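Working notes for the structure below.
Computed from a predicted structure; not experimentally measured. Below, all heavy atoms of this structure are taken into account, side chains as well, without hydrogens, waters or symmetry copies. In the text below, chain A, chain B and the rest are named by the order of the sequence lines, each starting its count at 1.
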There are 2 protein chains.
Amino acid sequence: MSELSIFKSEADDPVVHGHRAADDLFREFEKMIISGKLADGEPLPPEREIVESFGVSRTVVREAILALSNKGLVEAKPRYRPVVRKPSFDTAIDTVGNVVSMLLEDSEGVKNLFDTRVMVEVYLARQAALEATREGVQSLKDALEENEAAIDNMELFFHTDIKFHRVMYTMPGNPLLVSIHKAYITWLKPNWTKMPSLPARNRLNFESHTAIYNAILMRDPEKAEEAVRKHLSDAWQQINKILSGSH
Amino acid sequence: MSELSIFKSEADDPVVHGHRAADDLFREFEKMIISGKLADGEPLPPEREIVESFGVSRTVVREAILALSNKGLVEAKPRYRPVVRKPSFDTAIDTVGNVVSMLLEDSEGVKNLFDTRVMVEVYLARQAALEATREGVQSLKDALEENEAAIDNMELFFHTDIKFHRVMYTMPGNPLLVSIHKAYITWLKPNWTKMPSLPARNRLNFESHTAIYNAILMRDPEKAEEAVRKHLSDAWQQINKILSGSH
DNA sequence: GATCAGTTTTGGTATGATCAAAACTCAATA
DNA sequence: TATTGAGTTTTGATCATACCAAAACTGATC
């Protein structure tokens with residue numbers, strides 16, 4: 001590929017092959033949104049007004065707005081004024097949501113995604129074991145107790161399960177990780193909700209969580225890693241059962 | 001928030017607030033692209049033809065195509081026929097590129113992204129130390145040697161540096177990881193290329209790479225982790241110097 | 001068979017019109 | 001005074017049409 005393109009350093013694809021008017025307008029608004037001139041939550045001006053102030057046709061305006069909408073910079077319900085949405089890692093993830101879920105059609109894609117989740121959670125568990133704060137451990141404990149209390153309530157258990165994991169993603173204090181967790185939930189949920197959830201299974205999962213928590217409490221990264229791997233490996237087997245059953 | 005929305009299980013936001021005609025068309029094409037009825041690389045039919053076959057106005061067709069383009073399902077150079085592009089994790093990442101780079105305006109965002117990179121590479125190094133194949137280690141060695149040979153050539157060193165890391169991302173055999181690596185490069189490059197690169201610095205980086213390689217060779221995950229952390233910590237200090245200098 | 005001028009096709013943009021839903025106005029009402 | 005609801009205006013969604021310039025196509029030419 002571009003292995004040898006060392007010398008034409010700018011050759012990626014920045015060739016501005018003639019720009020569309022709508023692109024310019026798009027960038028204009030993009031800038032306004034970043035700079036805050038268009039505040040979060042504020043509606044865009046009416047199309048006809050934009051037409052006037054920018055001296056372009058309505059076609060162009062609509063295309064620009066549509067682009068903003070597709071990129072997640074504005075939220076556009078039909079017939080309503082598009083509303084400005086300041087971008088975040090979350091909105092970025094939303095934007096690719098559709099495409100990604102297409103990639104999860106085959107079990108190969110799901111497996112690849114799941115493997116990265118294992119990677120992340122193993123890392124998080126190790127880190128937690130090494131340097132979790134007192135508050136962090138406390139949050140984890142709280143989540144664990146909520147989890148236990150919900151063993152007999154399928155719906156509630158599902159949520160407390162997610163919450164336990166989310167606490168893990170929250171502990172390092174990196175908001176990107178929280179977004180990533182949300183993405184995992186969103187993308188893997190379809191496979192997850194398909195499987196029958198029995199109280200017995202809930203109990204097993206709760207025990208896995210407990211093992212993770214204990215390892216962290218004992219400041220034992222190896223045990224924490226092992227516990228996470230076991231937990232997720234179980235989960236994967238469940239998911240895989242579903243996947244291979246449906247293909 | 002929706003912490004308590006346990007009972008209205010479908011309540012995320014599936015309120016189908018009346019759909020646009022363009023949305024339908026978009027989904028139509030989306031399906032055709034997934035199913036392969038529109039093959040990768042194939043151009044879309046002319047707009048006027050679509051108008052005829054779907055019985056909608058050209059406006060709608062254009063909006064649908066624009067949406068496809070924004071989602072990365074087709075590649076649309078101005079004045080050229082849009083070309084179908086089968087989605088991959090790479091294209092997904094491209095799609096969010098703009099938004100993400102906006103999030104990297106402040107050093108906070110960059111730091112968060114960089115931290116996840118540390119996470120990934122620490123994990124990769126540990127895994128490599130534990131279970132790298134003979135071929136994997138060999139690839140790493142090759143990359144290392146290329147890296148050394150390029151110490152006096154800034155441009156080339158930059159590329160061999162990247163390549164060394166890429167090999168690490170390749171070793172687990174998960175294509176998603178490779179996409180992630182590409183994303184890191186793309187997003188962090190702007191900060192990276194700003195810093196002055198001296199042969200002395202190149203040498204230090206090469207030595208860091210060597211340390212990582214050796215730890216993997218010795219099957220010592222702890223050392224591998226430590227080496228990666230040190231390497232990336234150095235890199236971050238450099239980046240941070242740039243960031244704090246420019247704000 | 002390669003090349004190039006001429007024609008047709010097609011994407012980009014502009015205009016204006018129509019329709020239904022949303023937003024707004026304001027008087028009647030409690 | 002606050003509220004409500006009918007009536008009016010605004011506005012997003014869609015369509016039809018037109019024009020231009022660049023791309024794609026066609027043939028004749030060498």
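Atoms CG (A:Leu25) and C1' (C:dT13) sit 13 Å apart, rounded to a whole Å. Per the geometry, CD1 belonging to B:Ile50 stands 17 Å off P belonging to C:dT9, to the nearest Å. Between the NZ atom of B:Lys77 and the P atom of C:dT10 there is a distance of 18 Å, given to the nearest Å. Rounded to whole Å, atom C1' of D:dT11 lies 10 Å from atom CZ of A:Arg62. Remark: P of C:dT9 and CD of B:Glu49 are 12 Å apart, rounded to the nearest angstrom. The nearest whole Å value for the distance from the CG atom in B:Leu66 to the P atom in D:dT14 is 14 Å. Rounded to an integer number of Å, the gap from CD of A:Glu63 to C1' of D:dT14 is 14 Å. Straight-line distance from the CG atom of B:Leu44 to the P atom of D:dA24: 15 Å, rounded to whole Å.
Atom CG of B:Leu177 is separated from atom OH of B:Tyr123 by 8.5 Å, given to the nearest 0.5 angstrom. Between the OG1 atom of A:Thr160 and the CG atom of A:Asp142 there is a distance of 13.0 Å, given to the nearest 0.5 Å.
Tested against B:Leu38, the residues B:Lys31, B:Met32, B:Glu30 include a single side-chain contact (heavy atoms from CB on, under 4.5 Å) partner, B:Met32. In summary, of the residues considered (B:Leu243, B:Ile239, B:Asn112), a side-chain contact (heavy atoms from CB on, under 4.5 Å) with B:Ser107 occurs for B:Leu243 alone.
Salt-bridge formation is detected for the pair B:Asp94/B:Arg85: a Lys NZ or Arg NE/NH1/NH2 atom is positioned less than 4.0 Å from an Asp or Glu carboxylate oxygen.
Under the 30°/60° scheme for interplanar angles, the aromatic rings of B:Phe164 and B:His209 are found to lie parallel. Using bins of under 30°, 30° to 60° and over 60° for the plane-to-plane angle, the ring pair B:Phe29/B:Phe54 lands in the tilted bin.
Not a single ring-ring contact (aromatic ring centres under 6.0 Å, His included) links A:Tyr184 to another residue, sequence neighbours left out.
B:Ser57 has a side-chain polar atom (N or O) that falls below the 4.0 Å cut-off from OP1 or OP2 of D:dC15.
From one end of the helix from C:dG1-D:dC30 to C:dA30-D:dT1 to the other, with five pairs defining each end axis, the axis direction shifts by 30° (rounded to 10°).
Panel note: side chain A:Glu49, backbone A:Pro46; no donor-acceptor pair is recorded below 3.5 Å.
With C:dT13, D:dT14, D:dG12 as the candidates, the nucleotide lying closest to the side chain of A:Thr59 is C:dT13.
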Once base and sugar-phosphate atoms are separated, protein heavy atoms under 4.0 Å mark nucleotides 17-22 of chain C, 5' to 3', with B, S and - as BB-BSS
